[in-house]
A.B. asks: 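What follows is a single structure, and I will ask about it in a moment.
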Amino acid sequence: MKKMFQTMWLLGVLVLIAACGDHSRFKYESVPGDPLNARIYTLDNGLKVYMTVNKDQPRIQTYVAVRAGGKNDPAETTGLAHYFEHLMFKGTDSFGTQNYEQEKPMLDRIEALFEVYRKTTDEAQRTALYRQIDSVSYEASKIAIPNEYDKLMAAIGATGTNAYTSYDQTVFEEDIPSNQVENWAKIQADRFQHPVIRGFHTELEAVYEEKNMSLTKDNRKVIDQVMAGLFPHHPYGTQTILGTQENLKNPSITNIKNFYTQWYVPNNIAVCLSGDFDPDVMIETINRYFGGMKPSQNLPELNFQPEQPITSPIVKEVVGPEAENVTLAWRFPGANSEDVETLNLLAQVLYNGQAGLIDLDINQQQKMLGAAAYPFLLADYSVFLMEGTPKNGQTLEEVRTLLLEEIGKLKKGEFDENLIAATINNNKRDRQKQLESNDDRATWFVESFVNGTNWADEVASLDRMSKITKQELIDFANTHLKDNYVVVNKRQGKDESVKKMTKPAITPIVTNRDKSSAFLREIRTTPVKPIEPVFVDFSKDMAQGKLKSDIPLWYKKNPTNDLFSLTYAFEKGNNEDRYLSTAAGYLDYLGTSELSPEQVKEEFYRLACDFGIRPGADRTYLTISGLSENMGEAIQLVESLLADAQPNPEVLEIMKGDILEGRANTKLNQEANFRMLMQYGLYGPKSPATNVLSADEIQNLKSEELLAHLRDLSKTEHTVLYYGPKTQEEVVAEVNRYHQVPEKLIAADKASLFKIRETGESKVLLAPYAAAQVYMAAISNRGEKFDPNIYPVATLYNEYFGGGMNSIVFQELREARGLAYSASAGLGEPSRLDKPYIYSTFIATQNDKMGDALTAFDEVINHMPESEAAFNLAKEALIARLRTDRITGAGIFDAYQEAKDLGLDSDRRKMLFDDLQKLTLDQVKDFQEKWVKDRKYTYCVLGDEKELDMKKLSSYGPVERLTTEQIFGY
């Protein structure tokens, strides 16, 4: 195997072409047969630039990837790489400030104070030092311009402004209009060459709130323990990405600056691009702005002691509020290893969501609540993971045994060799799907750069995988999957290791909304060739036809690849039939009179097709997708299953217990509790979310009863949606041939069963959940019905006030006061004509910051800060996005359905684009006065009452204490 890999690698090197574009002086590498037609440049300073052209829409997905992540943190200040990721949004000496020369002495003073603070242990002295830090920070904020990076991105029409930090990398992302390449490059080059650390102490609180969020995410704690067990000598295991609570509360700006100097150098950075651009022009532009960066002559190498073999299972324990589970993990070489394709294939033979050993032996047989397996590829090492969630009464040790039995079957070769061929076909299908997305294409570049893989090897990976034999896979499993694993038992309980941190005394910093730097003014006035917007004409951009029984067909041709998606959209959902979700789940375990349940799964996997039923509140969607050449067989298989599903009472009995156990586990999850509390706030005790079968109804279910609900669904009025390469005539013929429906469909009864309660008086709904963070929302319904005429001003209000990182809410609650990692507010539009507008807010914050957060929301909602500069940027951003926003592929069906549900027949974005040009801040202020100010609210608070300021909370209205059972309805 090793020799074959080396031969293939050498071949990959030989086929790399050193080419020179017809109009460019820059050489690049490319690989024949590359589906991305990628060009890979290396500038003189070592900066890598990966490019792939995709002209589906006039936008470009950009990633700037730095090969420095959590593993590169200094041991004394863990979490530093992630924290610096946040600080990269704070500006430079050119933007984010009104006068850097005046600001710099204060920033230097803050840095020096933090160095003293982090080494001081006396609490009284630390408090005094923090007061100094807060005081100097406030003075510095008078000169700073918070969020000016976000204003720059808004000015050029960027979307998806974000970044992420992992073990090996920190990656910064933007989706930009294709006419803004010059401005984007200018901004990013300045940002990466001249970052300034400002707004430090408030951003530190935002980072700490992110840490607080992680403390109730048991899966994150499990992964941390997996890594600690596998890598006792490598930073993957000796420290975590977010860092420790102590390190985060004792940061070092000096260490952060040293980190930047060491790692943020061009020969450690790649610019990864996918979208609509001219590569020759793009590389000239990037070289002009990034080419002056100075490379490091001594790029640090991460030195670590090689891990010793694990000779017996290492057992770890994690305690937390969520459901119990087991994770097994084996250590493997890094993503650049010759074994990576074998590891990927092994994982998919074990688990692929349809026909793997775990899928059929455990999930299909309902031996536990759920199980999965997958590889986690990293640069220095990789991990193979198996996970299992126990059933009621099942021990974690029994779950581990079941997972290991599947490993045993793999090692003995107890699987059909055809599974390997099917896995290859499904990977080829997934690759085609990946090519549809600029995000996926550019992410592929990022992973290759960070992991240090050769692009020729990436292109040839599926071909190499297809050559792996069953025996090679068996040998690989026997060699690597022994008792050399880590097992992490996640048990339910209180995590006593979580330390309670009190909020610091922070003086809200100055926001300077109406200030701007010369840099921002230059970007805003730089002329660019405008891109004219393209709006959908539903009568031209999609076709409509009829199938048998007068079923409407919506048709859109896929000109890109050989993938199809066929959806039956039934006008019946859970609101009308509470049994649908349970029936859909039951069908997943059944076969037909000719095929066993396992054979059904194997057939879908062989066809490289998927099938699923998704009951929603108002509609149920049955979707078949995959390779177009197999569409007919896939439809036939689905139809036979719907019509001929064979009841299995034993399976149903097991499923009943699993449903009840799954519900109990869901009640342990913080986000699930908050969603249910929000539904209670909107509807009261009876809501679409609680419109489920009771425990008694579940226990009394009969197989035929459930299957009857699915068969009745097929008789219900519905529409068929097709996106794929076939002609409309071919689709009509194929669907008519296999789709089993009566001559006359049953008309849907769309009577509204649940009505959102109007908010008469303010009140507080308090539900219990013990965590470091309290989740809060305020919701308000005044009964206003849909009015298409307010769409433009409401959209602009939401963008200006609560839409993103440049909004009033984000600036006030995160930037100025350090109260949250994220916060939002806005007026939500009805999805149907019978539903009202809902105004809502959201924040997750440390328990002792709750009162400050409520006060801050009150202030900005009822007395909206007015800033002409911020307003103009919000308007420019919306207009710029509309110019380049395109509804493509099957997305046209969603747009059409949304319009129909609101009684419309055209693309509203045209009205929005036209009206935005004329809207003023005064009109937005009038909208706020009429639609937002002085509303009554239902405050939904999920938290631990013992940790909350109940006096403050009760000042917002009478407090109604709810139990977990009340909000879930069971």
A.B. asks: With no hydrogens and no angle check, just 3.5 Å: does a side-chain donor-acceptor pair link Gln897 and Asp894?
C.D. replies: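 Distance-only check fails for Gln897 and Asp894.
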A.B. asks: Going by the rule side chain to side chain donor-acceptor pair (under 3.5 Å), which residues pair with Glu639 if we only count those two or more places apart in sequence or in a different chain?
C.D. replies: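 Expected list: Tyr568, His739.
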A.B. asks: Per the side chain to side chain donor-acceptor pair (under 3.5 Å) rule, what does the pair list look like for residues 622-631, sequence neighbours excluded?
C.D. replies: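 Passing the test, one end in residues 622-631: Thr567-Thr623.
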A.B. asks: Can you sort out the partners of Glu868 under side chain to side chain donor-acceptor pair (under 3.5 Å), two or more places apart, ordered by chain and number?
C.D. replies: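 Side chain to side chain donor-acceptor pair (under 3.5 Å) list for Glu868, sorted by chain: empty.
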A.B. asks: Got a sec, which pairs hit salt bridge (charged side-chain N to carboxylate O under 4.0 Å, His left out) with one end in residues 556-568, sequence neighbours left out?
C.D. replies: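 As it turns out, there is no salt bridge (charged side-chain N to carboxylate O under 4.0 Å, His left out) pair with a partner in residues 556-568 once direct neighbours are skipped.
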A.B. asks: May I ask you to say whether Glu671 pairs ionically with Arg675, meaning some side-chain N is under 4.0 Å from a carboxylate O?
C.D. replies: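 Salt bridge between Glu671 and Arg675, a charged N being under 4.0 Å from a carboxylate O: no.
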A.B. asks: Can you list every pair that meets salt bridge (charged side-chain N to carboxylate O under 4.0 Å, His left out) and has a residue in residues 726-735, with sequence neighbours left out?
C.D. replies: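 Of all non-adjacent pairs touching residues 726-735, those that pass salt bridge (charged side-chain N to carboxylate O under 4.0 Å, His left out) are Lys726-Glu734.
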A.B. asks: Hey, are Asp885 and Arg909 close enough for a salt bridge, meaning a charged N less than 4.0 Å from a carboxylate O?
C.D. replies: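 A salt bridge links Asp885 with Arg909.
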A.B. asks: Restricting to side-chain contact (heavy atoms from CB on, under 4.5 Å), what partner residues turn up for Ser581, sequence neighbours left out?
C.D. replies: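 Residues passing side-chain contact (heavy atoms from CB on, under 4.5 Å) with Ser581: Asn574, Pro615.
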A.B. asks: By side chain to side chain donor-acceptor pair (under 3.5 Å), which residues pair with Lys910, not counting sequence neighbours?
C.D. replies: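 Only Asp914 meet the side chain to side chain donor-acceptor pair (under 3.5 Å) criterion with Lys910.
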A.B. asks: Could you walk me through whether Arg429 and Gln432 pass the side-chain hydrogen bond (donor to acceptor under 3.5 Å, both in side chains) check?
C.D. replies: CA-CA 5 Å; Arg429 181 200 65 176; Gln432 287 191 56; over 6 Å; no
A.B. asks: If the condition is side chain to side chain donor-acceptor pair (under 3.5 Å), which residues does Lys918 pass it with, not counting sequence neighbours?
C.D. replies: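 With neighbours one apart ignored, the set is empty.
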A.B. asks: For Thr62 and Glu174, what are the C-alpha separation, side-chain angles and deciding distance, and is it a side-chain hydrogen bond (donor to acceptor under 3.5 Å, both in side chains)?
C.D. replies: CA-CA 5 Å; Thr62 76; Glu174 300 289 348; over 6 Å; no
A.B. asks: Scan for salt bridge (charged side-chain N to carboxylate O under 4.0 Å, His left out) pairs involving residues 782-810, sequence neighbours excluded, and state none if there are none.
C.D. replies: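 Listed once each, the pairs are Arg782-Glu784, Glu784-Arg935, Glu799-Arg881.
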A.B. asks: Show the atom names and distances, to 0.1 Å, of all donor-acceptor pairs under 3.5 Å that link a side chain in residues 527-538 to residues at least two apart or in another chain.
C.D. replies:
from, atom 1, to, atom 2, distance (Å)
Asp537, OD1, Ser539, N, 3.0
Asp537, OD1, Ser539, OG, 2.5

A.B. asks: The criterion is side-chain contact (heavy atoms from CB on, under 4.5 Å); which residues satisfy it with Ser867, sequence neighbours excluded?
C.D. replies: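 Residues passing side-chain contact (heavy atoms from CB on, under 4.5 Å) with Ser867: Arg513, Asp514, Tyr800, Ala869, Ala870.
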A.B. asks: Does any pair with a residue in residues 611-622 pass salt bridge (charged side-chain N to carboxylate O under 4.0 Å, His left out), and if so which ones, sequence neighbours excluded?
C.D. replies: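 Non-adjacent pairs meeting salt bridge (charged side-chain N to carboxylate O under 4.0 Å, His left out): Glu571-Arg619, Asp618-Arg832, Asp618-Lys835, Arg619-Asp901.
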